[in-house]
Chemist: 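Mind having a look at this structure? Questions to follow.
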Amino acid sequence: MSTFRSELVQTLSARGFLHQCTDLEGLDAKAAKDVVTGYIGFDATADSLHVGSLLQIMMLRWMQKTGHRPIALMGGGTTKIGDPSGKEESRQLLTDETINANIASIQTIFDRFLTFGTGPKDAILSNNADWLDGLQYIPFLREVGRHFTINRMLTMDSVKMRLDREQPLTFLEFNYMILQGYDFLELFKRTGCTLQLGGSDQWGNIVQGVELARRIGEAQVFGFTSPLITTASGAKMGKTAAGAVWLKPERLAPYGYYQFWRNTEDADVGRFLKLFTDLSLDEIAKLEALAGAEINDAKKVLALEATALLHGRAAAEEAAETARRTFEQGGIGDDLPTVEIPAAEFGAGMPIWSLFHRAGLAASNGEARRLVRGGGAKLNDQKIDDENASVNTDAATDGVIKLSAGKKRIALVRVV
RNA sequence: GGAGGGGUGGCCGAGCGGUCAAUGGCAGCAGACUGUAAAUCUGCCGACUUAUGUCUACGAAGGUUCGAAUCCUUCCCCCUCCA
C-alpha cells in the first residue's frame, strides 16, 4: 500500500475510500500543508438518507477528523427539477416546503457525524437552491455554458453509454452535469472549497465541476470518488427484509439498524469495519483475522460501532443487548419492534394471520397466511401449523406476545 | 409533419381471442443445512377471514364478442428512420 504525506489522503486510501482522484499527488500535497475544504452533494427527495449515502458521510467525517473542513451540500435546487434518469411516470414535483423540511430532517443525521459551526474547521451545511434558484438563463449560459463543449460532454461515460445503447438522454439530464459543475464553482467562490468527493458514478459530473472551477475560478481544485460498495455477493448495499436501511430512527429503529450490520456477509466484515466505523486499522486487522464462526464477534463489533455512530452509544448497546437476549438466549429484548393492541380487539380470538399483519411481519393478511403455511411463523417460539388458528389474550405473558417470522424477524405485540 | 416499432406484475421479459392472476429470469420471503454468514436444494411470491369464490390488474377511454392482455376506434406516452 502506498503511503501519503497527508493524513487525509492516507486515511481515505488505507480505509478503502479511494477509487479515483483527478490529481492524487496534488491533493496529497495540498492537504499536507493547508486546511482543505471539500464537499459532497446529497439529494433532498426524502426526509432521510439511507445507508447508500453513509459512505459519503463517512468521507466527510474523516475529512473533519483529519483536520479539514467538510461541506454537506443539499441539492435543494436540483431536487426541484427532479432526477430525470428514473422511469417515466411523471414524478410528482416536490414543493419548496417539502424540500426544506427534508433538508432540516436530513441535517439531524449529519449532526451525528459532523461538527457544524462557524469556525475554520467546522462543517458547513449548504444548499444549492441558494444560487440555483436565482439563476438567469442567458447570463448563466454566457458565463458558464461557454466553458462546456458538446464534444467533451459527449465523451463522458454516462452520456456515451446512453448514446451507444441508443437510449434517450434528455436535454435536462444533459444539463445536470453543468449545474453540478456550477455548484463546485459557487462553493469555491463562497467558501474556498477546492475538493469535491462523491461516489464513482459521479465521476463525470465531478470532473466537469473541477474543470469549470479551474477555468473560471482559476484555482487548483480536486475531484475524488469512492468505489461503489456492493456486498460480496454482488448485491447493492442497503436493502433488508424490511426495505431500505434508513438513517433516521423514525424510519428504522436502532435495533433494526444494528441487525442490518449484524447480518453482514463474512467476506464484507473487514471492508465494512474500515469504511463504516472509527476503529483503528490495527483493531480491525485483529477482528478480520477471526475465522469461521468466530467472525460473528467481528460482526457484533461492526454492528455496535456503526450503530453507535448514528444512534449514540447507549442506543447501540441497548440494541446489542436486545439482539443478545433474543438470539443467544431465545428470550425477548426490550428493543424489539412492538405493536400495541387493545385487549378488547382480541375478543374471543384474533386470527393469527391478522396478528402477523398488524405486527408488521407480513405486508398483507394473505402474506401472513402464506408465512404460516410455509412453516415460518411462530407464536411465543411455538411453530404455528394451522393458518386459521386464532389467538386470544391468554397467549400473552406479562401482556406480551412474541411473534416470529422466520428466524430473524421478530416482533412483540403488547396487549393494552 | 410523414413512415414504422412499442407501452404487461418491484425490475427485465414472454404471451397476441378462451385452458391468463398472466411462461421464464432477477429481486424478495420462508423451509432444510449452518454461525443471526455465504453457497446449495425446496416451497411461496396481486388483494380479500382461503373461497372448485369475489375483486383489482397487461398505458387511458370506448367498442366488437358468450368471452379480450390479445381484435377495432380514439387519445396519451416512448423509441427508430425520414422531413
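Quick note on labels: first sequence line is chain A, next is B, and so on, each numbered from 1. Computed over heavy atoms, backbone and side chain alike; hydrogens, waters and symmetry mates excluded.
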Chemist: When the C1' atoms of U74(B) and C29(B) are considered, how many whole Å apart are they?
Modeler: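 Per the computed distance, 44 Å lies between those C1' atoms.
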Chemist: If you assign Ala320(A) and His357(A) each to the RNA chain B nucleotide with the nearest heavy atom, which residue ends up on the more 5' nucleotide?
Modeler: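 The 5'-side residue here is Ala320(A).
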Chemist: Which nucleotide wins on minimum distance to the side chain of Trp353(A), given the candidates U49(B), A30(B), G46(B)?
Modeler: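 That would be U49(B).
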Chemist: Counting side-chain heavy atoms from C-beta on, which of A32(B), G35(B), C29(B) comes nearest to Asn296(A)?
Modeler: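 Of the candidates, G35(B) comes closest.
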Chemist: Just N and O in the side chain of Ser364(A): are any of them under 4.0 Å from OP1 or OP2 of G46(B)?
Modeler: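 So the side chain of Ser364(A) is outside the cut-off, no N or O lying under 4.0 Å from OP1 or OP2 of G46(B).
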Chemist: Both Asn388(A) and Arg324(A) contact RNA chain B. Taking the nearest nucleotide for each, which residue is further toward the 5' end?
Modeler: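 Upstream on the strand: Arg324(A).
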Chemist: Would you state whether a donor and an acceptor, one from the side chain of Lys300(A) and one from the base of U36(B), lie under 3.5 Å apart?
Modeler: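 Under the 3.5 Å cut-off, the side chain and the base do not form any donor-acceptor pair.
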Chemist: What's the closest nucleotide to the Arg373(A) side chain, out of A30(B), G35(B), U50(B)?
Modeler: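 From the listed options, U50(B) comes nearest.
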Chemist: Under 4.0 Å between any heavy atoms, over every strand shown, what does Gly375(A) touch: base, sugar-phosphate, or nothing? Just pick one.
Modeler: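 Touches sugar-phosphate only.
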Chemist: Of all the choices, C29(B), A38(B), U36(B), which nucleotide is nearest to the side chain of Glu265(A) once you look at every atom?
Modeler: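 Output: A38(B).
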Chemist: Please find the pair of heavy atoms, one from Asn127(A) and one from Trp131(A), that lie closest to each other, and give the distance.
Modeler: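 Scanning both residues completely, I find the closest heavy atoms to be O-CZ3, 3.8 Å.
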Chemist: Check every atom of U36(B), C48(B), A32(B) against the side chain of Asn263(A) and return the nucleotide holding the closest atom.
Modeler: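 The listed nucleotide nearest to Asn263(A)'s side chain is U36(B).
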Chemist: Thr225(A) and side chain to side chain contact (heavy atoms under 4.5 Å, CB included): which partner among Met59(A), Gln196(A), Gln20(A)?
Modeler: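 Result for side chain to side chain contact (heavy atoms under 4.5 Å, CB included) with Thr225(A): Gln20(A).
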Chemist: Between U36(B), A30(B), A37(B), which nucleotide gets closest to the side-chain atoms of Arg262(A)?
Modeler: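 For the Arg262(A) side chain, the nearest candidate turns out to be U36(B).
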Chemist: Can you identify which nucleotide, out of G31(B), C48(B), G35(B), has its nearest atom closest to the Asn365(A) side chain?
Modeler: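 That would be C48(B).
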Chemist: Any base atoms under 4.0 Å from Ala362(A), or only sugar-phosphate, or nothing? Heavy atoms, all strands.
Modeler: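 It contacts nothing in the nucleic acid.
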Chemist: Does the side chain of Arg262(A) reach to within under 4.5 Å of the side chain of Lys300(A), using non-hydrogen atoms?
Modeler: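 SC-SC contact between Arg262(A) and Lys300(A) confirmed.
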Chemist: Of all the nucleotides listed (A47(B), A37(B), U50(B)), which has the minimum atom distance to the side chain of Arg369(A)?
Modeler: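 For Arg369(A), the side-chain atoms sit closest to U50(B).
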Chemist: Determine the interatomic distance between C1' on A14(B) and the same-named atom on G6(B); round to the nearest Å.
Modeler: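 It comes out at 15 Å once rounded to the nearest Å.
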Chemist: Taking the side chain of Arg370(A) as heavy atoms from C-beta outward, which of U49(B), C44(B), A32(B) is closest to it?
Modeler: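 The listed nucleotide nearest to Arg370(A)'s side chain is C44(B).
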Chemist: Taking everything shown except Glu143(A) itself, do over 12 heavy atoms lie less than 6.0 Å from its CD?
Modeler: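 More than 12 heavy atoms, drawn from other residues, nucleotides or ligands, come within 6.0 Å of this atom.
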Chemist: Classify the side chain of Glu328(A) versus the base of U36(B) as yes if they form a donor-acceptor pair under 3.5 Å and no if they do not.
Modeler: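 Per atom types, no contact qualifies.
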Chemist: For the residue pair Tyr257(A) and Ala306(A), what are the closest heavy atoms and their distance?
Modeler: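 Taking Tyr257(A) first and Ala306(A) second, the nearest heavy atoms are CE2-O, 3.6 Å.
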Chemist: When rounded to the nearest Å, what value does the distance between C1' atoms of C12(B) and A60(B) take?
Modeler: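 My reading of the C1' atoms in C12(B) and A60(B) gives 24 Å.
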Chemist: Once you round it to whole Å, what is the distance between P of G35(B) and CG of Leu302(A)?
Modeler: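 Roughly 21 Å, once rounded to whole Å.
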